[in-house]
Amino acid sequence: MAKATKVAVVGAGIGGLTAALALLRAGVDVEVFEQATRFGEVGAGIQMSANGTRCLFELGLEAPLRAVASVPAGKQIRLWSTGQRWTLFDLGERSVERYGFPYLMLHRADLHGVLAQAVRALKPEAIRLGTAVRGHHERDERVWLGFEGAEPLAFDALIGADGIHSACRARMFGAGTPWFTGCMAWRGLVSAKDLPEHLSAPVGTNWVGPGAHVITYPVRRGELINFVGVVERSDWTHESWNSRGRVEDCLKDFAGWHEDVQRIIRAIDQPYQWALLGREPMPVWSKGRATLLGDACHPTLPFLAQGAMMAIEDGVVLAHCLAASVHDPASAFRRYESLRQERTARIVRGSADNARRFHNPELAHAEGAAAYVDREWTPEQVNRRYDWLFSYDAARACAPAGSICQ
């Protein structure tokens, strides 16, 4: 009976493709509409904690993910000025022992490619590239999608997975009003062979300092080092991952920082910059036979490394709910929303808290910084902040008796 239900997914990003894969595995027919004409090397690194790897491994993707990922040994804190190190936690054996699944670090394009290939393996023509949805409305118990220069198509349900600037969200609830956080971010990739061994080691590093922080970690089997630098600035408010910047401007933003940070920045071929805008969690995500997923409904600042993980979890939970109630999508979407709202809102707010923690003024001087780091990143504090994130089991949050992913 599930095969009679046809679902449209708008947006072929990580969340949209996860939802499509999970639905196809459950026997629900899916078509994915993506306005981009091809998949490219958009974005940079993704840290995939155990809550994300659990979802994707259970969807059959363990082998292809391991083939493209870096497996980190751990994560460390380093002080912006002196380079002093503090071990944050073990991400290798400890992740598997404590949460049952590994912590992986990937290039976004590699993760995206694995998901797209898996969807196409189940339905070769599922993903329609170069197809922009211009509107949608409900009529006669169907959702009708409109396209420029093409006839409208009818579906039983619609999933808006079209990202932070979601047109689906705007049509359903209005565009919303984001605010500038006062922070802008730099990102770039560096070839590991262009760096000394200690800067290309299989660890994630959080450099913390007053008013700024830097995160580096290996991706693509350790061949590349991902760089993200966040600085408090009020003169860049453009929210786009594709705005090209200059290495010399990035160096200015981190003037006075440790030579290791400077060396990584100098090795970036093309840095990009984007403004970080904040948004309040939405109180409602669904309307009738349409719902939202991932950044379309709960965009989060990148300070907990959970934005992509939340989209992956959304996709799995949504697939469970819809597969269990294929003839009543509106009811399925209400259940999905109720299962996901509290967790995602907590992550949105926790990410903002981490920004303040990473940029604290006490980090300005080495003597005060040591006491601050020792206080803020004790094992007890780290477990309190991360255990509830990493131990979450999305596939069973709404289906304790079994999983569609098995």
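Both backbone and side-chain heavy atoms feed into the values below; hydrogens, waters and symmetry mates do not. Just so it is clear, the model here is predicted, and its values are computed rather than measured. Heads up: numbering here begins at 1 and tracks the sequence.
When ring centroids are compared, Tyr386 and Tyr99 stay outside the 6.0 Å threshold.
Here Glu62 pairs with Arg66 in a salt bridge; the nearest charged N to carboxylate O distance falls below 4.0 Å. Between Arg340 and Asp314 there is a salt bridge, with a side-chain nitrogen of the basic residue lying less than 4.0 Å from a carboxylate oxygen of the acidic one. Classification of Arg343 and Glu313 as a salt-bridged pair holds, one side-chain N sitting under 4.0 Å from a carboxylate O. Taking the charged nitrogens against the carboxylate oxygens, Asp162 and Arg169 have no contact shorter than 4.0 Å, which rules out a salt bridge.
To the nearest 0.5 angstrom, His213 atom NE2 is 8.0 Å from Cys183 atom SG. Within the model, atoms CZ of Arg357 and CD of Glu376 stand 5.5 Å from one another, a figure rounded to the nearest 0.5 Å. Here the NE2 atom belonging to His165 is positioned 9.5 Å from the CG atom belonging to Asp295, to the nearest 0.5 angstrom. Taking CG of Leu122 as the reference point, atom CZ of Arg25 lies at 7.0 Å (rounded to 0.5 Å).
The number of heavy-atom neighbours closer than 6.0 Å to CZ of Arg94, taken from other residues, nucleotides and ligands shown, is above 12.
Using a 4.5 Å heavy-atom threshold, the side chains of Asp269 and Val247 count as separate. Side-chain contact between Thr131 and Glu34 is absent, with no heavy-atom pair separated by less than 4.5 Å.
Between Phe254 and Val230, the shortest heavy-atom contact is CZ-N, 3.9 Å.
Annotation: cation-pi geometry not satisfied between Arg54 and Phe101 (NZ/CZ under 6.0 angstrom from ring centroid, within 45° of ring axis).
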